[in-house]
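Report on the following structure.
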Amino acid sequence: MRYTLKQLRYIEIASRHKSITNASKELNISPSSISAAIDAIELDLSRKLFRRLPSKGIVPTQFGASFLGHARQLLKAHQTFEQSVDEQTNIVNGSIRMGCFTPAAPILLPLITRALADNYPDISIHFMEGDNNANISRVTRSEIDMGLGFRSNLDESLSFIPLFTAPPHITLPIDHPLAKRDVLTLKDVYKEPMVLLDLQQTRDYMFSLFAEDDLTPRVIYSSKSAEMVRSMVASGLGYSIFNLRPLKKQQYTVGDLVRIPLAPVYRTVEFGIVYRLDAFLSKADNIFIETCIELRDNGAFNDAVLRINPSE
């Protein structure tokens with residue numbers, strides 16, 4: 001039997017999901033189409049590729065794992081062939097499924113997509129925002145091609161491309177008594193009312209900073225929106241802590257804020273791109289990564305973090 005690339009792709013995706021149903025959702029086809037591809041190959045080989053586990057999905061047999069290894073090599077070779085043809089015809093198009101850590105999205109994505117659009121206008125990007133854990137889970141489940149966020153407890157099946165590190169800094173209302181300081185410590189502010197960016201990993205990270213100094217912050221207000229937190233600080237309701245800052249000065253409906261570095265150096269956050277090691281990254285995906293690396297090397301992300309300059 002001559003196996004088709006479509007059949008091999010179906011079984012490869014089913015294997016990654018460990019589920020025919022979840023694979024059918026990614027492919028937007030019926031589960032029966034994937035089952036038919038598996039059955040056809042198993043019938044021809046007179047060997048089982050998968051063990052069916054009631055209510056638990058499928059897992060490759062020992063023979064199936066070996067077969068899938070060869071299938072992935074063939075699929076990757078076919079992808080390389082198609083990319084080579086595209087390069088020869090100078091056509092770079094396609095779509096990218098991209099996830100991004102919500103507070104970072106309005107700061108980083110316009111910069112990246114502008115650079116991409118200037119050079120590759122035929123590439124489209126479909127964004128999905130969420131907290132960091134959610135985006136990593138989406139990458140793991142192949143719901144998105146890549147995620148842009150911070151490094152945190154990554155599974156060995158994932159790869160991370162670092163773009164920049166971001167130390168924490170304090171935001172204060174512009175008329176706050178401490179607003180003219182060049183640097184601050186958490187001991188300077190922990191008794192003040194705090195406006196917390198209330199995303200799970202962000203919240204845990206913030207509390208861990210105070211724990212380093214055996215301090216407990218007075219959280220009076222919280223929001224899951226970084227923009228809302230900044231606006232509340234600007235209006236004089238308290239201070240907050242961020243790792244990123246907008247690339248341009250912002251205007252607020254009420255008041256204004258300043259940003260002041262923290263000293264001594266507290267635990268930084270490393271931002272970058274995460275993707276599956278076994279993913280078949282398209283030409284468009286690789287161009288996105290190359291664009292981000294070029295921006296990194298040219299210092300384009302430098303203004304997104306605060307190190308020594310106390311102004312916003």
Side-chain angles (χ1 to χ4, degrees), residues 1-89 91-99 120 122-126 128 135-147 155-159 273-289:
M1 177 180 180
R2 294 185 178 181
Y3 313 120
T4 68
L5 290 170
K6 180 184 292 186
Q7 288 175 320
L8 295 179
R9 183 164 176 260
Y10 285 3
I11 67 169
E12 195 282 325
I13 293 175
S15 174
R16 281 196 280 113
H17 282 285
K18 298 180 181 178
S19 167
I20 292 175
T21 300
N22 290 339
S24 70
K25 292 178 181 178
E26 176 180 337
L27 291 164
N28 196 26
I29 61 174
S30 67
S32 61
S33 297
I34 298 177
S35 294
I38 296 173
D39 291 342
I41 295 177
E42 288 183 336
L43 180 62
D44 182 77
L45 295 171
S46 298
R47 301 285 295 274
K48 289 292 184 182
L49 296 177
F50 298 99
R51 288 189 295 117
R52 273 71 164 179
L53 304 177
S55 303
K56 294 184 179 180
I58 58 174
V59 294
T61 62
Q62 183 175 358
F63 172 79
S66 176
F67 183 91
L68 284 162
H70 294 301
R72 290 190 178 103
Q73 292 178 15
L74 179 58
L75 289 168
K76 195 156 192 174
H78 179 256
Q79 181 186 52
T80 302
F81 167 75
E82 288 189 326
Q83 290 177 353
S84 298
V85 172
D86 286 344
E87 289 172 356
Q88 289 175 353
T89 56
I91 296 175
V92 180
N93 52 29
S95 62
I96 300 170
R97 301 175 303 165
M98 183 77 200
Y120 303 97
D122 293 324
I123 292 178
S124 62
I125 307 178
H126 303 284
M128 182 179 295
N135 280 317
I136 290 175
S137 294
R138 292 184 183 114
V139 171
T140 301
R141 297 193 302 266
S142 299
E143 293 176 3
I144 55 178
D145 303 314
M146 295 174 288
D155 185 87
E156 61 182 11
S157 66
L158 301 175
S159 181
I273 301 169
V274 61
Y275 63 92
R276 285 179 60 121
L277 281 170
D278 63 352
F280 299 123
L281 294 181
S282 67
K283 179 65 175 177
D285 292 332
N286 283 305
I287 286 175
F288 183 94
I289 292 173

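Numbers here are sequence positions counted from 1.
Between Glu42 and Arg47, no side-chain nitrogen of the basic residue sits less than 4.0 Å from a carboxylate oxygen of the acidic one, so the salt-bridge criterion is not met. Of the charged side-chain nitrogens involved, at least one lies within less than 4.0 Å of a carboxylate oxygen, so that Asp39 and Arg52 count as a salt-bridged pair.
Of the inter-residue distances, the one linking Asn22 atom CG with Arg141 atom CZ reads 8.5 Å to the nearest 0.5 angstrom. From Leu49, atom CG reaches atom CG of Leu68 across 6.5 Å, with rounding to the nearest 0.5 Å. How far OG1 of Thr21 is from CD of Glu26: 13.5 Å, rounded to the nearest 0.5 Å.
Within a 6.0 Å sphere centred on CZ of Arg9, other residues, nucleotides and ligands contribute 12 heavy atoms or fewer.
Between Ile273 and Phe288, the closest side-chain pair of non-hydrogen atoms falls below 4.5 Å. The shortest distance between side-chain heavy atoms of Phe67 and Ile41 falls below 4.5 Å. Side-chain atoms of Phe50 and Val59, non-hydrogen and from C-beta on, never get closer than 4.5 Å to each other. Side-chain contact between His17 and Ile13 is present, with heavy atoms from C-beta onward closer than 4.5 Å. Side-chain atoms of Ser157 and Leu277, non-hydrogen and from C-beta on, never get closer than 4.5 Å to each other. Glu12 has its side chain within reach of Arg72: a pair of non-hydrogen atoms, C-beta onward, lies under 4.5 Å apart. Looking at heavy atoms from C-beta onward, Leu5 lies in side-chain contact with Leu74 at the 4.5 angstrom threshold. Val139 has its side chain out of reach of Asp145: every pair of non-hydrogen atoms, C-beta onward, lies at least 4.5 Å apart.
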Ser95 and His126: CA distance, side-chain angles, deciding distance, side chain to side chain contact (heavy atoms under 4.5 Å, CB included) verdict
CA-CA 7 Å; Ser95 62; His126 303 284; 3.8 Å; yes
Candidate pair Arg51 and Leu53, rule side chain to side chain contact (heavy atoms under 4.5 Å, CB included), full reasoning:
CA-CA 6 Å; Arg51 288 189 295 117; Leu53 304 177; 3.8 Å; yes
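Across every non-hydrogen atom of Ile58 and Ser19, the tightest pair is CG1-N, 3.9 Å. Considering every non-hydrogen atom in both Ala71 and Leu8, the closest pair reads CB-CD2, 4.1 Å. Taking each heavy atom of Ala14 and Ile34 in turn, the nearest pair found is CB-CG2, 4.1 Å.
Here Arg138 pairs with nothing under the salt bridge (charged side-chain N to carboxylate O under 4.0 Å, His left out) rule; sequence neighbours left out.
In this structure, the side chain of Asn135 does not engage the main chain of Gly147 through any donor-acceptor pair within 3.5 Å. No donor-acceptor pair under 3.5 Å is formed between the side chain of Arg97 and the backbone N or O of Met146. Under the 3.5 Å distance criterion, the side-chain polar atoms of Ser33 are left unmatched by any main-chain donor or acceptor of Ile29. In terms of modelled atom types and a separation under 3.5 Å, the side chain of Ser35 and the main chain of Pro31 share a donor-acceptor contact. With hydrogens and angles ignored, the 3.5 Å screen pairs no side-chain donor or acceptor of Ser66 with any backbone N or O of Phe63. At least one donor-acceptor pair under 3.5 Å links the side chain of Gln7 to the backbone N or O of Thr4. Checked by atom type and distance alone, the side chain of Asn28 never pairs as donor or acceptor with a backbone atom of Ser24 at under 3.5 Å.
Just one residue in the list Ile123, Ile96, Leu281 forms a side chain to side chain contact (heavy atoms under 4.5 Å, CB included) with Ile287, and that residue is Ile123.
Side-chain contact check for Arg16 and Ser142: at least one donor-acceptor pair (N or O, by modelled atom type) lies under 3.5 Å.
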